[in-house]
Number of protein chains: 2
Amino acid sequence: MYEKKIPENLDCGISIAIKVLGGKWKAWIIDKINIGVRRPSELHRDIYLASPRVVNMHLKELEDMGIIYKKTYHEIPLRVEYYLTALGESVLPVIAAMEKWGNEQREHFDQAVSL
Amino acid sequence: MYEKKIPENLDCGISIAIKVLGGKWKAWIIDKINIGVRRPSELHRDIYLASPRVVNMHLKELEDMGIIYKKTYHEIPLRVEYYLTALGESVLPVIAAMEKWGNEQREHFDQAVSL
DNA sequence: TCAGCGGGGGAAAATTTTATCCCTATTGGT
DNA sequence: ACCAATAGGGATAAAATTTTCCCCCGCTGA
């Protein structure tokens, strides 16, 4: 796994929140799991714009951070489901706030420079 | 300036919010400007962990996105001040939510893996 | 036997972001 | 003449993230 070379700074709450939500698809994944898209293959299909590999990596990170947990069913075919932990649920309002604000301001960003 | 090669996806509000708040120091900068740290040199001193160059680049991006605006006083020595636009002020609650959540969960992340 | 689905990961390349270094310019002070 | 403070940016290097490609395993069904 990749080793960070520059130490992190988690002084302020913002850094922590960005660590959890800042990845390209992390917030989206959390949202989907919350909605009930639990299986990796479902998530891959749902977030088809992201490469499956990144979704997997994000899932792993979120699991390591204690935002989600994994349930493995030893069935055939193998089945895996992800669920939000209490910590993961506690972050939902933050995501909702971001989502709400972003949607309200979408018009502005559609016009504004295509940065 | 750097040209993106992969088109952005601003489908959901989350992407938009992350575009504005996801940079390493963007939320911090917005917060500081809101508090009254307005001049570039002040911001550099205040956010001394970030390289001044990046703060400048973030300021430019935030200005281009319409989150902040710049007032230039043609005094000697030259004086520049940044202020939040209405759009910038509208994002403050989102930052507050992130900050609040991050601080509440800080303990968890202090213990958890030093990812 | 071979293709396909499920979940998953290594290695390397490509892309994006951040850091470092050093420069511009104006003006005041010593 | 030279250094300081102000605000800024080009070029390049380094770091971090994301993508791409191709592999693993267990099992099923044709």
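Quick note on labels: first sequence line is chain A, next is B, and so on, each numbered from 1.
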Looking at DNA chain D, which of residues 44-56 of chain A put a heavy atom within less than 4.0 Å of it? A:S51, A:R53, A:V54
Separation of atom [atom1] in [X] from atom [atom2] in [N], rounded to whole Å:
| X | N | atom1 | atom2 | result |
| --- | --- | --- | --- | --- |
| A:K24 | D:dA16 | NZ | P | 19 Å |
| B:L43 | D:dT6 | CG | P | 12 Å |
| A:I18 | D:dA16 | CD1 | P | 16 Å |
| B:E61 | C:dT16 | CD | C1' | 11 Å |
| A:R79 | C:dG8 | CZ | P | 13 Å |
| A:L59 | D:dT18 | CG | C1' | 15 Å |
| B:L78 | C:dG28 | CG | C1' | 14 Å |

B:Y83 and B:Y69 aromatic ring geometry - parallel, tilted or perpendicular at 30°/60° bounds: parallel
side-chain contact (heavy atoms from CB on, under 4.5 Å) between A:H44 and A:N56: does it pass, once the steps are laid out? CA-CA 9 Å; A:H44 293 332; A:N56 286 343; 3.3 Å; yes
Along DNA chain C (nearest heavy atom to each residue), the more 5'-positioned of B:P7 and A:I6: B:P7
Identify whether any heavy atom of B:K70 sits under 4.0 Å from a base atom; if not, whether one sits that close to sugar-phosphate; answer base, sugar-phosphate or nothing. sugar-phosphate
Students often get this wrong, so: under 4.0 angstrom with heavy atoms, is A:Y73 touching a base, only sugar-phosphate, or nothing? nothing
No-hydrogen, no-angle side-chain donor-acceptor test under 3.5 Å, B:R106 and B:N103: yes
Rounding to the nearest 10°, end axes of the helix from C:dT1-D:dA30 to C:dT30-D:dA1 built from five pairs each make an angle of 30°
Does a nitrogen or oxygen in the side chain of B:S41 sit under 4.0 Å from OP1 or OP2 of D:dA5? no
For a quick test of reading the model: is some side-chain N or O of B:K4 closer than 4.0 Å to OP1 or OP2 of C:dT17? yes
When you measure from the side chain of B:V80, which nucleotide among D:dT6, D:dG8, C:dG8 comes out closest? D:dG8
From D:dA15, D:dT19, C:dT17, nucleotide with atom closest to B:Y2 side chain: C:dT17
B:D46: side chain to side chain donor-acceptor pair (under 3.5 Å) partners, not counting sequence neighbours: B:K32
Check whether any side-chain heavy atom of B:L59 sits under 4.5 Å from a side-chain heavy atom of B:L43, and report yes or no. yes
5'-most contact on DNA chain D: A:H58 or B:Y82, nearest heavy atom basis? B:Y82
Candidate pair B:M65 and B:V20, rule side-chain contact (heavy atoms from CB on, under 4.5 Å), full reasoning: CA-CA 8 Å; B:M65 289 191 289; B:V20 175; 4.1 Å; yes
Report, as yes or no, whether the 6.0 Å neighbourhood of atom OH on A:Y73 holds more than 12 heavy atoms from other residues, nucleotides or ligands. yes
